[in-house]
Amino acid sequence: MISRRDFIRLSLLAGAGAGLGVGTVRAQETAGPRSRWVFLVDTMKCVGCGLCVKACKLENEVPYDLPVTRTWVERYVITGEGQISVDGKGRSVEAGTVFADTPMGARDGYKQNVFHNYTELGSNVVVPPDMIAKSFFVPKLCNQCDKPPCVQVCPVGATFKTADGVVLVDRTWCIGCGYCIMACPYGVRFFHPVYRVAEKCTWCYHRIVKGMKPACVMACPFEARRFGEANKPDDPVAQVVETDRVAVLKPEFGTRPLVYYLGLDENVR
Amino acid sequence: MTGLEAHAAEVHGAAWTIKEMFVYPNEYIYWSIQIVLYPFMTGLVAGAFVLSSLYHVFGRTELKDMARFSLLFSFALLVAAPMPLLFHLLQPQRGVFVFFTPHFTSAIAAFGIVFFTYSAIVASEIWFVSRTFFVHEIERLRNAEGICNRVRYCCYRGMSLGAYDMGPGADQADHKAIKILSGIGIPVACFLHGYAGFIFGSVKANALWMTPLMPVIFIMSAIVSGIALCMLTYIIIMEYRKLRALRNRKPWMPAKDIAGVEIETVKITARYLVGFMVAAISLELLDLVFRGYTAVKSWDILRAVIYERDFIDIFILQYGIGNLLPFIMLLWPRLTVRRAVVALVLVLMGVFMMRWNVVIGGQSFSLTFAGFMHYHMPFMPHNLETYREGFFGLLTILVLPFVLLWLVNKLVPVLSGGEEETSGH
């Protein structure tokens, strides 16, 4: 018959042993240098062609003709003071009025000088070229935040951050509650129309783990999207992030994004 | 992915979302009517329980009739409360994962624990309240014949859990247990619902939801709605019973002996209702004033939503018709049952609109702060999704607690004529 004292002693020993074992396995799991990827968007170089969006949709099985997308390009036009055209009629605007859109995520690029759906003003807004104070395009994608609110709020742990810092969704475990979609301040998440679970940009995780670059980076003809490794000192992208003046989107949310922007304007949302 | 699959697929939310101006491409009203219902239902649960506890814990004997009824109603509502969540999930068959693999950094993950703790408290309390009734029924049905009676006998045998003690000591022990359970139940009920408020209040990406006041606002309006629904259901059932009794009355029985709802009970409960309404509205207005006064970055778009786009929903339907009008109606001297009924319906509508304005209002502006989204609730369903997230999904969930109440009342009657036979708690 085992005494109470012995039982407690043995239990403590067994517990400590198990803990040690788990600790060793953990240590083995995390051993070795991990990639820490970094994404750079140079807004000065983006022309809004939409090739990145096309490439992403095809690469990642996002239904091509449905209005959801893992990555998109926004167009911004900031006016001077004067007359713009609203549904064919002239209308005065103040200097600094901002128009922005991203029809179908800019999948087909920007070919027309029309902003649709500005219902308060009218459905078609045209800013004449001489009224444009400045205009630019801003590509958007998942920021793979270091402190991802989407991972924090997932009730079942179906969305998680990998050891190399990329946020993924387990399609076999997501319950489809949408809490992660609500929690993302950047609006990058949506429900996959076919798999009916939360879906997001993964920086083409299936490619980058094999040493390739994300599809959008490969598709960009102007190097507006660049991809590198933060923990390699000679990596050109890492060097830009380290030495140039870069910014991140919505830093006030404390999410610590890993997508850095060059030439970010204050009007970017 | 084949073209066929993609062709059959639909973007969740696209069927009921209309976008305007600059909205990110993936933004839709993802949380729609079912998520409006979820806090509404848990609110009713919490409110009903608090009402019953006013009698059990604080000894408000004037609420005795209401207390027994609202405890049972709280249980029926509780069983129905997770249904909107289940209806809303895109993978409802995986809903149990929340219980099996909870991820505790998520506010939703604790749902299982909070829900089952509270369920256990309410179920135990109902058991203690009804235990003597079970024993009486077992005695009565012991030698009764007929399949129906045998089934009932077995049910009560099971439900009594083998506790047949009817001595004076046992009765006192029951009383004590009820008091303790009610006492624990109040903070747990408030937590259950405050926690629903936390689910919204902690979403930092949403400018309208993110406020530490959200849980408290939710608790107060929860109690308001719970009391209102209990009063309303109680009045309707009592009046129905009176009508039925009058119709079945033998000619020699005097009609005045058949009592309907006690106006005194209604008046006293209404006083509590008004008190909680004051607290709820004060907190909501504090939130609004604070946002306007501090006017941080999001205020421009919030102001456009609150004062322009959702003006009718917020100031007319919620505050005007849903709060102010019933407030006056309940405080006006010489309250009648009929006036109380109208006021209670309005209160319930007001709380429902509050949930609507929080859930839908919080999604009616874009994360860009430069665009808007409108929710058009699907009416006639053309597929499962438009049923679940549409008007008929709403109706299903609203009817469910009443069906459950009817079922629970079959076994633990507090509404039928036999209620006097239940224990005297």
Side-chain angles (χ1 to χ4, degrees), chain A residues 61-70 72 74 98-106 115 117-121 140 149 151-158 160 173-179 181-194 196-200 250 252-255 269, chain B residues 1 3 5-14 18-28 30-31 35 85 88-98 100-112 199-200 202-206 209 297 304 362-363 366-372:
Chain A
E61 296 187 315
V62 179
Y64 195 73
D65 289 322
L66 292 183
V68 280
T69 178
R70 286 181 169 206
W72 67 95
E74 295 166 1
V98 183
F99 291 100
D101 67 352
T102 174
M104 281 300 278
F115 290 89
N117 252 356
Y118 268 75
T119 325
E120 251 180 17
L121 295 171
K140 294 270 182 87
V151 171
Q152 183 188 23
V153 302
C154 177
V156 293
F160 57 98
W173 212 255
C174 173
I175 61 173
C177 68
Y179 204 15
I181 302 178
M182 290 293 148
C184 175
Y186 307 101
V188 301
R189 283 176 170 254
F190 55 97
F191 281 124
H192 195 288
V194 176
R196 300 182 62 73
V197 289
E199 172 77 3
K200 68 182 279 295
K250 303 185 183 182
E252 66 273 19
F253 285 105
T255 54
R269 305 302 184 124
Chain B
M1 181 170 313
E5 272 178 310
H7 179 73
E10 263 184 52
V11 172
H12 184 76
I18 294 175
K19 297 184 180 187
E20 195 180 322
M21 296 165 73
F22 178 36
V23 178
Y24 291 139
N26 298 329
E27 280 188 284
Y28 292 94
Y30 286 108
W31 284 4
I35 303 296
L85 285 186
H88 157 76
L89 294 184
L90 258 67
Q91 302 285 345
Q93 78 284 5
R94 295 181 189 164
V96 285
F97 290 2
V98 178
F100 296 154
T101 59
H103 180 239
F104 282 113
T105 59
S106 168
I108 296 182
F111 178 80
I199 289 175
F200 292 96
S202 63
V203 177
K204 64 180 168 187
N206 192 302
W209 293 347
K297 192 177 165 190
Q363 296 170 84
S366 165
L367 291 166
T368 61
F369 291 167
F372 299 96

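This structure is a prediction, so every number in the text was calculated from the model and none was measured. Convention: sequence-line order gives letters A, B, ...; per-chain numbering from 1.
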Nearest heavy-atom approach of His103(B) to Val151(A) is CE1-O, 3.0 Å
Quick one: which of Thr69(A), Thr102(A), Val197(A) has the most heavy-atom pairs under 4.5 Å with chain B, could you say?
Thr69(A)
What heavy-atom pair brings Tyr24(B) and Gly187(A) nearest, and what distance separates the two atoms?
CD1-CA, 4.2 Å
Side chain, backbone, both or neither: which part of Tyr186(A) has a heavy atom under 4.5 Å from chain B?
backbone
Given heavy-atom pairs under 4.5 angstrom as the criterion, report whether the side chain, backbone, both or neither of Ala14(B) touches chain A.
neither
Per-residue contact mode, Gln93(B) against chain A (heavy atom under 4.5 angstrom)
neither
Examine whether an atom of Ile35(B) lies under 4.5 Å from a heavy atom of chain A, and if so say whether it belongs to the side chain, the backbone or both; otherwise answer neither.
neither
Side chain to side chain, Ser106(B) and Tyr179(A), heavy atoms closer than 4.5 Å
yes
Interface residue of largest heavy-atom contact number with chain B, from Glu74(A), Arg70(A), Arg189(A), under 4.5 Å
Glu74(A)
Please examine the side chains of His12(B) and Val68(A), heavy atoms only from C-beta on, and report whether any two atoms are closer than 4.5 Å.
no
By a 4.5 Å heavy-atom criterion (distance strictly below it), what part of Val203(B) contacts chain A: side chain, backbone, both, or neither?
side chain
Specify the closest pair of heavy atoms between Lys250(A) and Leu367(B), including all atoms of both residues, with the distance to one decimal.
NZ-O, 3.1 Å
Give me the atom names and distance for the closest heavy-atom approach of Ile108(B) to Cys177(A).
CD1-SG, 4.5 Å
What are the two closest heavy atoms between Asn26(B) and Val188(A), and how far apart are they?
ND2-O, 3.2 Å
Identify which part of Ser202(B) has an atom lying under 4.5 Å from any heavy atom of chain A, answering side chain, backbone, both or neither.
side chain
Measure the shortest side-chain to side-chain distance between Phe190(A) and Tyr30(B) over non-hydrogen atoms and say whether it is less than 4.5 angstrom.
yes
